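Reviewing the structure listed below.
In listed order, ligands and their atoms are each counted from 1. Keep in mind that this is a model prediction, so the values were computed, not measured.
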Amino acid sequence: MIEYISTRDSSHKVSSSKAILDGQAPDGGLYIPEDLSEIALDYHDVIDKDFKGMAEAVWNKFFPDYGEETISELVSASYDGKFSSPEITPLTEVGCNYVLELFHGPTAAFKDVALSALPNLMTKARELNDFTDRILILTATSGDTGSAALHGFSDVPGTGIIVFYPHEGVSDTQKLQMVTAGGSNTCAVAVRGNFDDAQTGVKALFREIPHPVRGVSLSSANSINIGRLVPQIVYYFSAYKQLLEAGAITDGDKVNFAVPTGNFGDIMAGYFALKMGLPVNRLICASNSNDVLTEFLETGHYNRKRTFHKTTSPSMDILVSSNLERLLYYVCGEEHTREYMQALSENGEYQLTPEELEKIKSVFVGICANDEEGSSAIGDIYHNYNYLMDTHTSIAWACLRKYRDKEWAYSGCSDGDDSAAQHHAVNVILSTASPYKFCSSVLTAIGEELELSDEMNMLKCHEITGVPVPEGLSKLFGREIRHRDVIEVADMKKYVIDHAEKQV
Ligand SMILES: *Cc1c(COP(=O)(O)O)cnc(C)c1O
């Protein structure tokens, strides 16, 4: 049975349900399966099923202590009736690429795929571990985790949630989704700082607040929780299955995935899919102007000491990508991972050895694109193919263009130029949010004037494009504002201690 270890101490071993319950290892490391060979399988045994069947196959590998029957119940509880598409994550052909739409859940971003599941996994984990304390979930968000987590954990018995989001660092619609969140156990609070401040703050809370605090234990709904990451592996298999069904590939062909990246969670799920045996060619790590990962994947030098850029893809405005630590463990081993993470927190940088960099480069490619390049991708693709992308998906599209120019990665295509006639691998772009979450940027990108309010922009976007507004967003504007607090980073600890009891 697979066991989970901390990336900073492989002698610390726990079951999958305990890893989900804890969120983060006590030494500050992240939980990962000790041995990757134990998650390997024949991908044919996954892709012959529907989405829920694929989820069961993947979850059973990673969460063996739940038992197959329980996993089947939890998968149904997580996905039945929650997504507006029967495929859950449908694949669409756009030009000569494929877009995997991950935003058909309740809050219209890909975070829903995992955050529909995590509360169910966590509630069961309490039972499996005879855990009777109440749980307070602490979560930092760059915009989309917040609303998806508030929605997922709303009124879950014995559990409360506090979400910290960067004050003035999220889109108006993202903010509205959080401040109007329902549930008697939810709380969203703005922090005067950026996402990294909020995330570093939350990680510090786990170390600094002795818990249980007032009878309440702390856990996390960020992608540092392995229960967030594993449900995301499933849609890589789903993409492959849909490519086969569409006749876009023949069985065994390797596929490129372009992933709009922030905290490295989504793309890390792709790495797990590859290690399970899915035919993956390259994982293209797409960044916006916050290009710390692009430099890292090119040179092996991780350097967070750089200007933080606020962009039109706010969910990717991140300089410290937590999940990279998981990849480091597998590539560099425990000792180096510990050293690098210490160097990162003390000096803000670290450098891989050339051998380590080569290993990473054999799978990952880092490319960045700025707001303008993203915006022109939205415009081009809309005008050429009548397909509307959000500001994060478009960064991945723009990065894929650059990759194609560099690697001749795909066949003739009327998107820009079609000189690259040599067919190598089919490209799938992960679409991480509905364009309606970022209406003003999207309208500008397709050459339209802005209206006076976000609500009017949303209506206008619908009138012009005909793309349906997701149900969760169309009703947003009339809702009561329930969460108004704005605090300093330094006050996060006091805030949590004050709220621990009443939140759960
Ligand atoms: C969270 C998010 C990302 C980044 O995903 P990571 O797993 O943090 O790399 C990209 N796009 C959108 C819309 C997101 O919400």
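- Counting protein heavy atoms only, atom 12 (C) of ligand 1 is closest to Thr432 OG1, 3.3 Å.
- Contact analysis leaves Ser223 out of contact with ligand 1, as no non-hydrogen atom separation drops below 4.0 angstrom.
- Ser431 pairs with exactly one of Thr89, Thr393, Asp390, Thr92 by the side chain to side chain donor-acceptor pair (under 3.5 Å) rule, that one being Thr393.
- Contact annotation: the side chain of Ile135 never approaches that of Val156 to less than 4.5 Å [non-hydrogen atoms, C-beta and beyond].
- Protein heavy atom in closest approach to atom 14 (C) of ligand 1: Lys111 NZ, 2.9 Å.
- The protein heavy-atom contact nearest to atom 10 (C) of ligand 1 is Pro260 O, 3.5 Å.
- In terms of polar-atom proximity, defined here as any N/O pair under 3.5 Å, Ala109 makes no such contact with ligand 1.
- For atom 7 (O) of ligand 1, the nearest non-hydrogen atom of the protein is Asp266 N, 2.8 Å.
- Ring centers of Phe257 and Tyr240: at least 6.0 Å apart, outside the cut-off.
- Taking every heavy atom of Asp144 and a limit of under 4.0 angstrom, the matching atoms of ligand 1 come to 12 (C), 13 (C), 14 (C), 15 (O).
- Near Gly265, meaning under 4.0 Å from any of its heavy atoms, are these atoms of ligand 1: 6 (P), 7 (O), 9 (O).
- Heavy-atom neighbours of Lys175 NZ from other residues, nucleotides or ligands within 6.0 Å: at or below the threshold of 12.
- Under the side chain to side chain contact (heavy atoms under 4.5 Å, CB included) rule, Gln24 has a single partner from Val202, Asn225, Leu30, which is Leu30.
- Listed by number with element, the atoms of ligand 1 under 4.0 Å from a non-hydrogen atom of Thr261 are 9 (O).
- In this structure the side chain of Cys285 never reaches within 4.5 angstrom of the side chain of Val259, judged on heavy atoms.
- Inspection of the Glu87 and Ser85 side chains reveals an N or O donor paired with an N or O acceptor under 3.5 Å.
- Nearest protein heavy-atom contact of atom 6 (P) of ligand 1 is Asn263 N, 3.5 Å.
- In this structure the side chain of Asn194 never reaches within 4.5 angstrom of the side chain of Asp317, judged on heavy atoms.
- Nearest-heavy-atom check against atom 9 (O) of ligand 1 across Gly262, Ala433, Ser171 picks out Gly262.
- Ligand 1 is approached by Phe110 to a heavy-atom distance shorter than 4.0 Å.
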